[in-house]
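For reference, the structure discussed in these notes is given below.
When reading the values below, keep in mind they use all heavy atoms of this one structure, side chains included, and skip hydrogens, waters and symmetry mates.
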Amino acid sequence: MRSRHYVFFTLNDFTKDGGETVRIRGIANALAAQKQDVKMVSNMTNKDGFSTAIELIELGYSMNKRQKRVFQFLVSVLPFFILRLFYYRLYKHCNDVLENNDLTGQEIIFCGYLDNSIGYFLKRSGASIKVLNDIHGIGPIEFKYKVSHNIFEKTYNQLRHWSACHLDRKVFGLADGFIFVSKAMQDYFSGLYPQIRDKKSYIVRDGVSTTLCRQKVDVALLKRLQKKYHLTEQDEVVFFAGNFKDLGGVIDLFEAFREVLTKRDDVKMVLVGEGEHYRRVQKRIRTSGLEAKIILTGRVPYGHLKTYQQLADIIVCPDKKHLYSELIPHIKYYDALASGKIVINGDFASIREINKDETMSVSFKPSDIDDLAEKIIFCLKNRDLLDQKYSSVKDVTCREFSYDKAIIGLLQKNGSPR
């Protein structure tokens, strides 16, 4: 296969693992494994998990969470000449990095929602680049359906939705091409912005990384975790690893687990991760007196995920009923399937394409707490049978749903305009 050049651009520093970092690392490593020329422009401080064949280029320009939100909001609302005055240093710095590394005139993959906005800003400012945006999230949908607990939250979410729509319109209009995470997402955006239908387009779905498939259980760490969290062989463990965000359903999982405890006293739950609902979950655990039953570990390194999964008997992906989940499977689902454990996931259209007749995992009705509780109890009662039923899922996942397979379309030179 003839080698091509792939340049990735992201402000991410890879110090905290999440869906976006897993995707970037998975795609870049898969391309490098195919003997492609891969360069990564980033703020990376931790090179762990990246192929040594990837050329890492230091960006040296970072933004904190607040600065990111301000930048994207201003991109969405300001006339461009004013925006360029505010952020001329950003343009100059990034353009210098591109020029100094002979990357001008090339096609550059901008990796995330913020990075897509940066790509728009650089090109509009005069940078000589072709912008290929990796689209694996839908900001307007997330903000539109976000649960608001008071009038202030509702107003704030409406403002974010309006801003995200304006931002997408600008970003999609100027990009030279797109990488979509699913055909359904491509169709969704093509319906919103018909002008993108004739642009270069690729489908690169999410999947499981080779890094996770090859990851070994750290036996010493596992023993320390079992001792730290007072987990014995008699305890059955329900497990979640992911972002504590609204659509992720971690609050639903907490309520479902409370129902499970009314029927099973020998069960504990381990929650791995952090996010906007972390404090809310923490408070509910405390006020319910369940500190001995529910363990919050906080965020853990992706390199230790396999070991943490080993604590589990059942892994739950409790995502709520949401259009976004209907369009694409979440990375945490693939991560869960690669664990070799029994997995429970919402019955979304995107999941049914993978999980026909529940051949990969047990399904529950999204946002139905009672049904989720029933499925957890069902899995606990039938662990031996389900372990046998799903004994080959780990191997199937790492073989059929890896990034090595997902990038096949990206290896085509011209993509596939609609």
Hey, can you pull the donor-acceptor pairs under 3.5 Å for the side chains in residues 288-298, sequence neighbours left out?
residue : atom : partner : partner atom : Å
Ser288  : OG   : Arg284  : O            : 2.8
Lys293  : NZ   : Asp265  : O            : 2.4

*Side-chain donor-acceptor pair under 3.5 Å between Ser76 and Ser163, yes or no?*
yes

*asked:* Going by the rule salt bridge (charged side-chain N to carboxylate O under 4.0 Å, His left out), which residues pair with Lys332 if we only count those two or more places apart in sequence or in a different chain?
replied: Asp319

_Applying salt bridge (Lys or Arg N to Asp or Glu O under 4.0 Å) to Asp187 and Lys183, what does each step give before you reach the verdict?_
CA-CA 6 Å; Asp187 291 342; Lys183 179 65 164 55; 3.0 Å; yes

*asked:* Restricting to side chain to side chain donor-acceptor pair (under 3.5 Å), what partner residues turn up for Asp176, sequence neighbours left out?
replied: Lys123

*Can you tell me if Asn29 and Ser51 form a side-chain donor-acceptor pair at under 3.5 Å?*
no

_Set of side chain to side chain donor-acceptor pair (under 3.5 Å) partners for Glu259, sequence neighbours left out_ = none

*Can Leu305 and Gln215 be said to form a side-chain contact (heavy atoms from CB on, under 4.5 Å), step by step?*
CA-CA 9 Å; Leu305 179 58; Gln215 203 175 105; 4.2 Å; yes

*Tell me, do Ile129 and Leu98 make a side-chain contact under 4.5 Å, heavy atoms counted?*
yes

*Min side-chain heavy-atom separation Phe110-Val131 under 4.5 Å*: yes

*Would you list the pairs meeting ring pair (Phe, Tyr, Trp, His ring centres under 6.0 Å) in which at least one residue belongs to residues 332-373, sequence neighbours left out?*
Tyr334-Phe401

*Of all residues at least two apart in sequence or in a different chain, which pass the side chain to side chain donor-acceptor pair (under 3.5 Å) check with Asp13?*
Thr15

*Between the side chains of Tyr113 and Asp134, does any donor sit under 3.5 Å from an acceptor?*
no

*Step by step, work out the salt bridge (Lys or Arg N to Asp or Glu O under 4.0 Å) result for Asp313 and Arg383.*
CA-CA 8 Å; Asp313 293 296; Arg383 267 185 56 204; 3.2 Å; yes

*Would you please test Phe50 and Phe14 for ring pair (Phe, Tyr, Trp, His ring centres under 6.0 Å) and show each step?*
CA-CA 11 Å; Phe50 277 92; Phe14 296 91; 5.1 Å; yes

*Residue from Lys356, Lys321, Arg352 passing salt bridge (Lys or Arg N to Asp or Glu O under 4.0 Å) with Asp347*: Arg352

*asked:* Any salt bridge linking Asp246 with Lys320? Criterion: basic side-chain nitrogen under 4.0 Å from a carboxylate oxygen.
replied: yes

*Could you go step by step and tell me if Leu253 and Met269 meet the side-chain contact (heavy atoms from CB on, under 4.5 Å) rule?*
CA-CA 10 Å; Leu253 176 57; Met269 184 162 69; 3.7 Å; yes

*According to the side chain to side chain donor-acceptor pair (under 3.5 Å) rule, which pairs have a member within residues 84-93, sequence neighbours left out?*
Lys92-Asp96

*Any donor-acceptor N or O pair under 3.5 Å, side chains Thr232, Asp235*: yes

*Quick one: are the ring centres of Phe178 and Tyr202 less than 6.0 Å apart?*
no

*Excluding sequence neighbours, so at least two apart, what forms salt bridge (charged side-chain N to carboxylate O under 4.0 Å, His left out) with Lys405?*
Glu400

*Dump the intermediate steps for side-chain contact (heavy atoms from CB on, under 4.5 Å) on Leu103 and Ile57, then the final yes or no.*
CA-CA 11 Å; Leu103 299 178; Ile57 299 170; 4.0 Å; yes

_Could you walk me through whether Lys245 and Glu276 satisfy the salt bridge (Lys or Arg N to Asp or Glu O under 4.0 Å) test, starting with their C-alpha distance in whole Å, then the side-chain angles of each, then the deciding distance to 0.1 Å, before giving a yes or no?_
CA-CA 5 Å; Lys245 57 185 178 182; Glu276 61 182 322; over 6 Å; no

*With sequence neighbours excluded, give me every side chain to side chain donor-acceptor pair (under 3.5 Å) pair touching residues 217-229.*
none

_For the student: nearest non-hydrogen atoms of Leu122 and Cys94, plus distance_ = CD2-CB, 3.7 Å

*Any ring pair (Phe, Tyr, Trp, His ring centres under 6.0 Å) involving residues 280-312? Give me the pairs, sequence neighbours left out, ordered by first then second residue.*
none

_How close do Ile118 and Leu11 get, counting heavy atoms only, and between which atoms?_
CG1-CD1, 4.1 Å

*Sequence neighbours excluded, which residues qualify as side chain to side chain contact (heavy atoms under 4.5 Å, CB included) partners of Arg169?*
His166, Tyr193

*Is there a donor-acceptor pair closer than 3.5 Å between any side-chain N or O of Gln388 and the backbone N or O of Leu386?*
no

*Before giving the answer on side-chain contact (heavy atoms from CB on, under 4.5 Å), spell out for Ser42 and Phe9 the whole-Å C-alpha distance, their side-chain angles and the decisive distance to 0.1 Å.*
CA-CA 6 Å; Ser42 74; Phe9 184 106; over 6 Å; no

*Are Lys341 and Ile314 close enough that some pair of their side-chain heavy atoms sits under 4.5 Å apart?*
no

_Considering only residues two or more places apart or on different chains, which pairs with a residue in residues 269-297 satisfy ring pair (Phe, Tyr, Trp, His ring centres under 6.0 Å)?_
Phe244-Tyr278

